Amino acid sequence: MPELPEVEATRRSFVDQIVGAHIVSVRMGKPLRWPLGCSVESLVGRRVLGVRRRGKYLLLDLDQGLLLVHLGMSGSLGFFKAQPHPGAHDHCDVHTTQGVLRLHDPRRFGAVVYAAGEAAPAAQKLLGKLGPEPLEAGFDLARFHATLCQRRVPIKQVLLAGDAVVGVGNIYASEALFRAGIRPTVKASNLSRRRAEVLYQAVREVLTQAVEKGGSTLRNFSNANGEVGHFQMQANVYARAGQPCRVCGTLIRLIRQGQRSTFFCPHCQKS
DNA sequence: AAAAGCCCCTGGATGC
DNA sequence: TGCATCCAGGGGCTTT
């Protein structure tokens, strides 16, 4: 369940260690969600110029092309100075002159994809339809509200869809709606401009706090240095069904929306 | 164009 | 103790 905060925490945990490194070799394990899109040999000798994040994707900029990394829902990256023996769920090792970047992903919903450039079809297929970044200046309230107005489905599902805003997954959608005092079942197009603004701010605040806490570690997420996140300790609703709301004491409820669980407080999120 | 459902995968929890 | 079943869910894809 890596969402924006977990992906950003991961990025920060290894960017300084890998920048400037040259790729020595690449080992792929079992098939991931998508094929690499190039031969491993063709990556040898390339230099890592930087690591960026777009939504839940990490972009490793190379001196020629880039690697798109997605953690899926069970993926995590590790950066090791010495080469560790690969385990059963280590499906991609990028050996560099400064260490080994490893993707560990038991469920293999993750992916490592090569693209010749950000505008290349391989990259555009994954990045082309992504909405605005919530923590950047380009996240525009008017545009956010306009997108909500077009959607007749529950607001929770719009937050997950990735066109109004990127990086919000199942945990932070529930948390942001709690913070905004909005019931997850409300039709997105029914939200007033004022309530859209409250939600817009709530999304930014929740994600910002989560990034500061290093993300959430519910099962086994850790950043590239093996450090876990701590935001789950302050989750108000996620995974708290049947427990009292931290604000009003009402029992947190669990419902299903689009085959996913949603948590909310019936009292704090009346409509 | 929007919406709903499918499907990829495996570890962990639950039930008998 | 063991086996079957269910659930977790990101997100592209297909179908309605």
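Please read these numbers as outputs of a predicted model, since none were measured by experiment.
When distances run from any side-chain atom of A:Pro106 to the nucleotides C:dG11, C:dG9, B:dG11, the shortest one goes to B:dG11. The nucleotide whose nearest atom lies closest to any side-chain atom of A:Arg108 is, among B:dA3, C:dG12, B:dC9, B:dC9. Comparing C:dG11, B:dA4, C:dG12 by their nearest atom to the side chain of A:Val153 picks out B:dA4.
Using a 4.0 Å cut-off between charged nitrogen and carboxylate oxygen, A:Arg179 and A:Glu175 do not count as a salt-bridge pair. Between A:Glu133 and A:Arg54 there is a salt bridge, since a side-chain N of the basic residue sits under 4.0 Å from a carboxylate O of the acidic one.
Between A:Lys125 and C:dG12 there is no side-chain polar atom (N or O) within less than 4.0 angstrom of OP1 or OP2. Under 4.0 angstrom from either OP1 or OP2 of C:dG9 there lies no side-chain N or O belonging to A:Tyr172. Taking only side-chain nitrogens and oxygens, A:Arg151 comes nearer than 4.0 Å to OP1 or OP2 of B:dA3.
A:Arg107 has its CZ atom 13 Å from the C1' atom of C:dC6, to the nearest Å. The CG-P distance, from A:Leu159 to B:dA3, rounds to 14 Å in whole Å. Atom CD of A:Gln124 and atom P of C:dG11 are 16 Å apart (whole Å). In this structure, CG of A:Asp105 is placed 11 Å from C1' of B:dC8, rounded to the nearest angstrom. Separating the CG atom of A:Leu71 from the C1' atom of C:dG10 is a distance of 11 Å, rounded to the nearest angstrom. Rounded to whole angstrom, the span from the CZ atom of A:Arg256 across to the C1' atom of C:dA8 amounts to 9 Å. Regarding A:Glu3, its CD atom lies at a distance of 10 Å from the C1' atom of C:dG9, rounded to whole Å. Taking atom CG on A:Asn170 and atom C1' on C:dG11, their separation rounds to 13 Å, with Å as the unit.
Nearest-nucleotide assignment on DNA chain B puts the 5′-proximal partner with A:Gln150, out of A:Gln150 and A:His89. Nucleotides of DNA chain B nearest to A:Pro154 and A:Arg260 differ in position, and the one nearer the 5' end is that of A:Pro154. Along DNA chain C, the nucleotide nearest to A:Leu126 and the one nearest to A:Tyr238 differ in position, and the one closer to the 5' end is contacted by A:Tyr238.
Among the protein residues, A:Ser261 comes within range of the sugar-phosphate backbone only, with heavy atoms under 4.0 Å from sugar or phosphate atoms but none that close to a base.
A:Asn225 approaches A:Ser13 most closely through the heavy-atom pair ND2-O, 3.0 Å. In terms of heavy-atom proximity, A:Pro2 sits nearest to A:Leu71 at CG-CB, 3.7 Å.
By the 5.5 angstrom centroid cut-off and the 30-degree plane limit, A:Phe109 is classified as stacked against the base of C:dG9.
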**Request:** Begin from the C-alpha positions of A:Lys156 and A:Thr185 and carry the test side chain to side chain contact (heavy atoms under 4.5 Å, CB included) through to its verdict.
**Result:** CA-CA 7 Å; A:Lys156 159 78 182 323; A:Thr185 50; over 6 Å; no

